[in-house]
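Worksheet for the structure shown next.
Atom set for the values below is all heavy atoms of this structure, side chains included, hydrogens, waters and symmetry mates excluded.
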Amino acid sequence: MASRDGAVSLGSSSSVDGDGVRIILEWVKCVKTLDTLVDQHLLITNNNLMKKLFVFNKGGLAQLTQVLRGWAALQKSEVADTDLGIFIVPNKRNISYPRVSSVLWQRYLNKNGTVTDIRHARRLIYEGGVSDEARGEVWRCLLSLHNHSHTHRQKSYRNQLLAEKYRDIRLKIPDVDLNPSEHASFSTTVADIEKDCCRTDSHNPLISGADNPNQAALKRILINYYLHRPEMGYVQGMSDLLVPIFLVIREESEVFWAFDYFMNRSAFSNLKYCNLYQQLAFLREILGLLFPDIYSYLSTTGDALTLTCCHRWFLIFFKREFELEPLLKLWDTILAAPSPFFQVFISAAMIAQQFPAMISRKLSATEILMESQKLAHTFDMEEVLKQARGIYVKLMDLPQVPCSLIPLVGGEGDHWDGYRTPNFTCLDCEKKGFCDVKRNYTQDPFR
């Protein structure tokens, strides 16, 4: 149990003897009051056995109870007969979370511009998304253009530094020192970038047209990125990832650095755990743990378990699957999610929705691939996100989670939403005497 100063500790039971008030909060937490001879104790617990104890002066807690009785969101329960009563708040599945507007985002900032409660802000973004007018400022934080602890002054100074660094990269273009073969490769890449930028979202008047300055900015950003990250190079699909960021942030130098950060978490990345095949491996494990029937069918149907049908989802973050507006909300959730690779859970939700019908038809691996390509714009984004969040919770609730999934759900201390750290279990590590994943895992896999 927690100490009188409110420190959190773990207990062996979430039940407490004595009369009091119990409240089921939106993420299913319990609150119970206990009367002592001197003080009144308010005990808050959740289903994961985490507890926190608050001490009130005599009479103070009764006043709080009167406030709770007048709270319209609470419903009186007839289950218990206590002096203070039992109250129930509707389960979070029935709660409609608002989008984070500019007004709401400003409430998270103090007078110096620092985000005072980034965990709560991310939780709200994760559940409800961001409004169009607030998305630019919010994404600047989520895409690490500045840290949530930065003041207005620090943000301004960092923007100046990033603009100068970007200007230095741009200066390389006319004076790039290349041998003939490198020059040929560079010229080919520039030509590929120009073709892709002309074709990407050509229906969108904001970026379409040969004389459109926004399209010219997209080309410059991708060419500069190619020079800045030669180890990544340029491949088709990068322009698809750039466009949403550009449309949200607009300022060229800021778009460049936001794109640079986003690419590190993409399936194109060379960083450990981020590449396409590692993310597909995470998805296979999720299917095996939570959707054994789907996993079993795919594993016995040609090479279906390679999940080639999902490559496009990971490479361009579902950009072909959704129109721009729902796509942006999907990205809101991915950027704010407790998992650094929430796209894996979204992919699992999409498979769970569509693959049972394919399995009932006994489709082959090739037929599954062909059917998957036809799914663009058939998904309901809200239903996909709802199911993806549910899959995340189910995974966290498993009695044992393979240690190989530590990078997927985050290690101990990563969970901004108050959810417990899963019970990670090493299967083959005992033979070696150590766990490679735990030894090498970093709290920020995108750096």
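Across all their heavy atoms, Met238 and Gly233 have their closest contact at CE-O, 3.5 Å. For the residue pair Val384 and Ala349, the shortest heavy atom distance occurs at O-CB, 3.6 Å. Minimum interatomic distance between Ser101 and Ser131 (heavy atoms only, all atoms of both residues): CA-OG, 3.2 Å. Of all non-hydrogen atoms in Leu315 and Phe268, the two that sit nearest each other are O-CE1, 3.3 Å. Considering all non-hydrogen atoms of both residues, Lys319 and Thr200 come closest at NZ-CG2, 4.2 Å. Between Phe424 and Pro402 the shortest heavy-atom distance is CD2-O, 4.0 Å.
None of Trp257, Phe246, Trp331 except one satisfies the ring pair (Phe, Tyr, Trp, His ring centres under 6.0 Å) rule with Phe262; the exception is Trp331.
Ring centers of His228 and Phe256: under 6.0 Å apart, within the cut-off. With ring centers used as reference points, Tyr225 lies 6.0 Å or more from Tyr234. Separation of the Phe379 and Phe318 ring centroids does not fall under the 6.0 Å cut-off.
The number of heavy-atom neighbours closer than 6.0 Å to CD of Glu133, taken from other residues, nucleotides and ligands shown, is above 12.
Between the side chain of Thr301 and the backbone N or O of Ala304 there is no donor-acceptor pair closer than 3.5 Å. In this structure a side-chain-to-backbone donor-acceptor pair under 3.5 Å is present from Arg135 to Val130. Between the side chain of His120 and the backbone N or O of Asp117, no donor-acceptor pair lies under 3.5 Å. In this structure, Asn275 contributes its side chain and Ala267 its backbone to no donor-acceptor pair below 3.5 Å. Between the Ser299 side chain and the Ser296 main chain, a donor and an acceptor come within less than 3.5 Å of each other. Panel note: side chain Arg389, backbone Tyr126; a donor-acceptor pair is recorded below 3.5 Å. The backbone N or O of Cys309 sits nowhere less than 3.5 Å from a side-chain atom of Ser372 that would complete a donor-acceptor pair. Checked by atom type and distance alone, the side chain of Thr300 pairs as donor or acceptor with a backbone atom of Tyr297 at under 3.5 Å. In this structure, the side chain of Lys155 engages the main chain of Gly113 through a donor-acceptor pair within 3.5 Å. Here the side chain of Gln154 pairs a donor or acceptor atom with the backbone of Thr151 at under 3.5 angstrom.
Under the 4.5 Å side-chain criterion, counting only non-hydrogen atoms from C-beta, Ser253 is in contact with Glu251. The side-chain heavy atoms of Asn204 and Val243, taken from C-beta on, include no pair separated by under 4.5 Å. Ser102 places none of its side-chain heavy atoms less than 4.5 Å from the side chain of Glu137. Using a 4.5 Å heavy-atom threshold, the side chains of Arg99 and Lys329 count as touching. Between His146 and Glu254 the shortest side-chain heavy-atom distance does not fall below 4.5 Å. Taking 4.5 Å as the limit, some side-chain heavy atom of Val344 sits within range of a side-chain heavy atom of Phe314. Looking only at side-chain heavy atoms (C-beta outward), Phe345 and Leu283 stay at 4.5 Å or farther from each other. Looking only at side-chain heavy atoms (C-beta outward), Leu398 and Leu290 come within less than 4.5 Å of each other.
We find the CG-OH distance between Leu289 and Tyr295 to be 9.5 Å, quoted to the nearest 0.5 Å. Here NE2 of His148 is found 11.5 Å from CG of Leu109. Values are rounded to the nearest 0.5 Å. Rounding to the nearest 0.5 Å places CE of Met358 at 10.0 Å from CG of Leu298. Rounding to the nearest 0.5 angstrom, the gap separating the CG atom in Asn110 from the NE2 atom in His152 is 7.5 Å. Taken from CD1 in Ile391 to CD1 in Ile351, the straight-line distance is 9.0 Å, to the nearest 0.5 Å. Annotation: the span from Leu305 atom CG to Ile294 atom CD1 amounts to 11.5 Å, rounded to 0.5 Å.
Between Asn224 and Tyr166, the side chains place a donor N or O and an acceptor N or O closer than 3.5 Å (distance only, hydrogens not considered). Side-chain atoms of Thr308 and Thr306 form a donor-acceptor pair, as typed in the model, at a separation below 3.5 Å. In summary, the side chains of Gln279 and Gln343 do present a donor paired with an acceptor at a separation below 3.5 Å, with no hydrogens or angles considered.
Using a 4.0 Å cut-off between charged side-chain N and carboxylate O, Lys165 and Asp168 make no salt bridge. Under the 4.0 Å criterion applied to side-chain N and carboxylate O atoms, Glu382 and Lys386 are not assigned as salt-bridge partners. For Asp240 and Arg320, the salt-bridge test passes: some basic side-chain N is under 4.0 Å from an acidic carboxylate O. Ion pairing between Glu321 and Arg312 holds under the 4.0 Å rule for side-chain N and carboxylate O.
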Report task. Run the numbers on Cys197 and Leu242 for side-chain contact (heavy atoms from CB on, under 4.5 Å), then give the verdict. Result -> CA-CA 10 Å; Cys197 286; Leu242 174 60; 5.9 Å; no
**Report entry** side-chain contact (heavy atoms from CB on, under 4.5 Å) evaluation trace for Leu241 with Ile245
**Finding:** CA-CA 7 Å; Leu241 297 180; Ile245 298 172; 5.8 Å; no
Query raised in the report: Under the salt bridge (charged side-chain N to carboxylate O under 4.0 Å, His left out) criterion, do Arg199 and Asp196 qualify, and how do the steps go?
Result: CA-CA 5 Å; Arg199 292 185 297 216; Asp196 288 347; 2.7 Å; yes
Query raised in the report: Checking side-chain hydrogen bond (donor to acceptor under 3.5 Å, both in side chains) for the pair Thr114/Asn112: CA distance, chi angles, key distance, verdict?
Result: CA-CA 6 Å; Thr114 297; Asn112 296 320; 5.8 Å; no
Requested in this report: Tell me, with the steps shown, if Leu206 and Arg250 meet side-chain contact (heavy atoms from CB on, under 4.5 Å).
Outcome: CA-CA 11 Å; Leu206 290 173; Arg250 295 300 180 94; 3.6 Å; yes
Query raised in the report: Would Ser149 and Val115 count as a side-chain contact (heavy atoms from CB on, under 4.5 Å) if you check the C-alpha gap in whole Å, the side-chain angles of each, and the deciding distance to 0.1 Å?
Result: CA-CA 6 Å; Ser149 63; Val115 182; over 6 Å; no
Report task. Output, in order, the C-alpha distance, side-chain angles, deciding distance and verdict of salt bridge (charged side-chain N to carboxylate O under 4.0 Å, His left out) for Arg361 and Glu371. Result -> CA-CA 12 Å; Arg361 294 161 55 193; Glu371 287 294 310; 3.7 Å; yes
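In this structure, Arg265 forms no cation-pi arrangement with Phe341, as its terminal cationic atom is not both closer than 6.0 Å to the ring centre and no more than 45° off the ring axis.
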